[in-house]
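Encoded as structure tokens, the structure appears first; notes follow it.
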Amino acid sequence: MRDIQQFISKTVSDAVIEQKQKFTVTVAPEQAYSLIKALHDNEELPFDYLISLTGMDWEDKLGVIYLLSSSGDLSKEIVVITATEDRDNPLLYSVTDIYETAHLNEREAYAMFGIRFINNPDMRRFLLSDDWKGFPLRKDYDGNPGLNPITIVNKEIVDIAPRIMEDAKGNLIESTVKVFEDDDYIVNIGPQHPSTHGVMHFRTALNGEIVKKIDVKSGYIHRGIEKLCESLTYPQILHFTDRLDYLSANINRHALCMCVEKAVGIEVPPRAEYIRVIMDELNRISSHLLAFAAHCNDLGATTAFIYGMREREHILDIFDKTCGGRLIINQDVIGGVMFDIYTDFQKDVKAFIPYMRDKLKEYDDFFSHNPIVLRRMIGVGNLSFTDAVSYGVTGPAGRGSGWSCDVRKYKPYSLYDRIEFKEVIRTEGDSYARYLNRLDEIEVSLQIIEQLIDNIPEGNIVGTVKPVLRLPEGQYFQSVETGKGEFGVFIESKGDKHPYRVKFRSPSLSAVSVMPLICKNELLSDFIGIGGSMDYVIPDIDR
Amino acid sequence: MQSFSKYISGIFTSLRSLLKGMGVTWKEFWTKKVTMEYPENRETLVISDRWRSELIMPHDENNEHACTACGICMMNCPNGTIKVISASIETEEGKKKKILDKHIWDYGSCTYCNLCVITCPSNAIIFNNDFEGAVFDRNKLVHQLNKPGSKLRDKKK
Amino acid sequence: MNYKQPLELNGLLLQLDLFLRGNLPPFWASLIEGLLILIAVLAAYAVIALILIYAERKVTAFFQARLGPNRVGKYGFIQSIADMIKILIKEIIHINRVDRFLFYAAPFFVICASVMAFGAIPFGQGLQAVDFNIGIVYVLAVSSLGIIGVLLAGWSSNNKYSMIGAMRSGAQFISYELSAAFALMTIVVMTGTMQLSEIVENQRYAWNIFNGHIPAIVAFVIYLISGHAETNRAPFDLPEAEGELTAGYHTEYSGMQFGFYYLAEYLNMFIIAAIATTVFLGGWMPIQIKGMDAFNQIMWYIPSYVWFIGKTAVLVFISLWVRWSFPRLRIDLLLNLEWKYLLPINLVNILIMVLIVLAGWTLTDLFPILFGN
């Protein structure tokens, strides 16, 4: 990292470089863009993957925290912080032209903090409606329900996007841009639609049956979890993580637990680690099974959907016996796990492994080689390596584009540095690669469970944790590999028992943001199929 | 000519894999079905011991519970599902003592995070297995957990 | 050789006819007979639809490792009757900004086309409402009228999903109609008649599918595929692909109007299976082996309409089996399948059939002692 330090000092002379939990660089707003651009174009170690873009309100300043990483080596991370003091008209430079994933994230930051990004081509609010009053995640937000009353009147969707661009001379010009042409044939896929896997709204301009343009609209089930977190204690926040990507509930929770544990320095007993990882992998299998099932359903194969759900039920039964919950299982707590395994846990899991292998074979016979399936998946929804990185598409989808991006490999947490497992990578980048990746990852997860299930050590299930948790002042990051990709937790603490700011990096947001790109010029039916192959979960986006 | 033989072989490989897929469904047609017939199997239905459905406060045969009305469950509840209403009484020795008046739990807003149960210092509340909690009136979801006339169990016993 | 046929209905019908004509002037007799036939056809239509809906749900469930309807009546037997009552008493929601006349007329096109085709099917010995000498052409012609209803529904609904669904349906129907017709023509080449009753009679000892062996089997498979496609059922259910177009062309319909589409869909499935049975599998004719009178007599004890329903049921089952095994095709794959595979194969197939017929290689020509009528 020393080279990088020199590199940064050379690029931006007055940057403040600190070695906190992560390597942190604080720069002035005018220099942030050039620094990030330089880091991105750095040949030795290009920081070409924007993990998260977090809007911040430090009361005296409004700013953004960029967490950058390199697609070649995810363990290399840099935090770039920039902030402006102007609260009335906060302006920062957009990094959308460097990282495509920044586009929706910046729109979210605008909706939540009112920070406008210069040169972002489309500065509508994301997650909130266009006429929302106030910026909810600001500390001085007026939460009076009278300001934003619940209405049952149909609102016309505004198709004119404001933006603020910088011309060659450096003047800022406010302008508007039309999202759709006047004579576009727009079909709403969502918010209520059988194939959007939740309340996602894709406004799709069609040319015959061919998708011309997609406008992503989300926020229909936005619950303001990040805002809620700011007034709750750390153990209380835990139950929200299960409700983000509910299919990877336990893995999300694991991330938040680890983030807090690392910040406070809590030792997790080995038994708890084993239970956590086994539960995580079971959770991953169930997530992939549902992804398989839903993908098949999107392609019109209802029977395969039921088969996937049937196998998933076995995992849910194990969950149910272990933690008393099926989807929202509340297993991890700070310092360990809430419930010890039950007597027959090992027996049940061991019985599940051969059963699942048998069923994987059945899926293979039934679906994976069906000529209709092959024609509907191979070469459809091509996502290139560069685009996957630029849009931050991780997980099985990113690995389907040849990007080795398994957090368990690069930033091993819990037991993953001691487990042998293969990272499943395919280079085709089409729906079929993503589909097969998931099925193969089920097998990998089964192998991981096999390594662990007989070796669960005896001992406590919870380490010593103070009754009232206060995180030392600082910024804490933690990433895990969920069923959908890299899930990140960011906590900024002021030493209180409540976090100052919590941000969840959701893998589904990236998956959705890339949809307009990979669905362009595909048929409407394939748009649905590609959506299935990207496997996004909407509550993960609408945090 | 090559493309023609590819055309023909394509038809046959496709047909073969289609038939294979139909073979799978044919096999499944005869396998045992996984559907649980719920109201009928009520007698034999096994709900796991740890299943969280309804928060209860166990009372013993003397109509005594373990709740000291400390309010820790109420503080730990992330969304205000629990309300502990305490009352002050004067003991025989003339000291003032806080006792439980009403322990109110709202079935409708509980997220089953289990924090109240694990943080309770006197293990006074637990989740039971009775999952059939549907009612026709939302007000019926608000449960009072301590039974009328119940009192705190004496610790010395 | 005449066999005893104790359970056949044609004798009874003949008695009825004689009775009516003996007691009433010819005009009234014909009118009453016509009305009776109409009622019988409509009743059969409704009953078969109900049975099919139940069967479909049950079979589907079994393919999907489920139990299917099992609440209303034993094994859910009266589930579809309950559904029918529900759909009859459901409110018909009036949609603003639709083309009113066409919107309300569209379901009737679909249902009429389906009933008209249904009437021409020979259900058993003497159980056929209309027996044209160009029966096959008639069936093909009226069943293809249904597409007008679909297109009208899509157009008049003023809904984008419906519109796309209807357009897909148009492309699909026109394409597969060709294949279906050519497949039937292959058999017409062999039998030399288009009259359904004669086609059945000709298959006394050798079903057409065996009589014409290779080309007939190919034609049979092609007919099943294209028939399946014509009925808009998965994997060819693009017009109503629920994953993409919510409900396709009938998105805006409710109550009994929707019920008409629903009924017609199931009945079309039956009609396709019934025509395939009649043309390829011997129709209502029991299995007969030339020279084995005892066996034949036993076969005749099973009435012809049971044979017909049995054979049709097998084909319906295959159709369901296919439906629940495969994912949906995409519009380009659908058209590829038709224009690049089915149609060319079909054309070659007809040619082969012509050669076989000319060369006298059909089973009846080759082994007249075993199979000749």
Are any side-chain N or O atoms of A/Thr303 and backbone N or O atoms of C/Trp324, one a donor and one an acceptor, separated by less than 3.5 Å? yes
Region of [X] in contact with chain C, defined by heavy-atom distances below 4.5 Å:
X	answer
A/Phe305	neither
A/Arg376	both
A/Leu299	both

Should we count [atom1] of [X] as having more than 12 external heavy atoms under 6.0 Å?
X	atom1	result
C/Phe103	CZ	yes
A/Ile160	CD1	no
C/Tyr75	OH	no
C/Ile214	CD1	no
A/Phe352	CZ	yes

Closest heavy-atom pair and its distance - A/Tyr307, C/Phe63: OH-O, 2.6 Å
For A/Ile372 against C/Leu333, the heavy-atom pair lying closest together: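 Shortest heavy-atom contact: O-CD1, 4.5 Å.
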Against chain C, work out which of A/Ala301, A/Gly208, A/Ala304 has the most heavy-atom pairs shorter than 4.5 Å and name it.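 Top count of heavy-atom pairs under 4.5 Å with chain C: A/Ala301.
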Chain A contact via [X] - side chain, backbone, both or neither, heavy atoms under 4.5 Å:
X	value
C/Leu329	both
C/Ser325	both
C/Arg323	neither

Counting heavy-atom pairs under 4.5 Å with chain A, the top scorer among C/Arg66, C/Arg168, C/Gln64, C/Met167 is C/Gln64
Please walk me through it: do A/Val380 and C/Arg330 pass side chain to side chain contact (heavy atoms under 4.5 Å, CB included)? CA-CA 12 Å; A/Val380 170; C/Arg330 202 171 53 205; 3.8 Å; yes
Separation between [atom1] of [X] and [atom2] of [Y], rounded to the nearest 0.5 Å:
X	Y	atom1	atom2	value
C/Tyr161	A/Leu524	OH	CG	9.0 Å
A/Ser525	C/Asp332	OG	CG	8.0 Å
C/Phe326	A/Phe366	CZ	CZ	8.0 Å

When you look at A/Thr302 and C/Thr60, which way does the side chain to side chain contact (heavy atoms under 4.5 Å, CB included) test go after all the steps? CA-CA 10 Å; A/Thr302 331; C/Thr60 307; over 6 Å; no
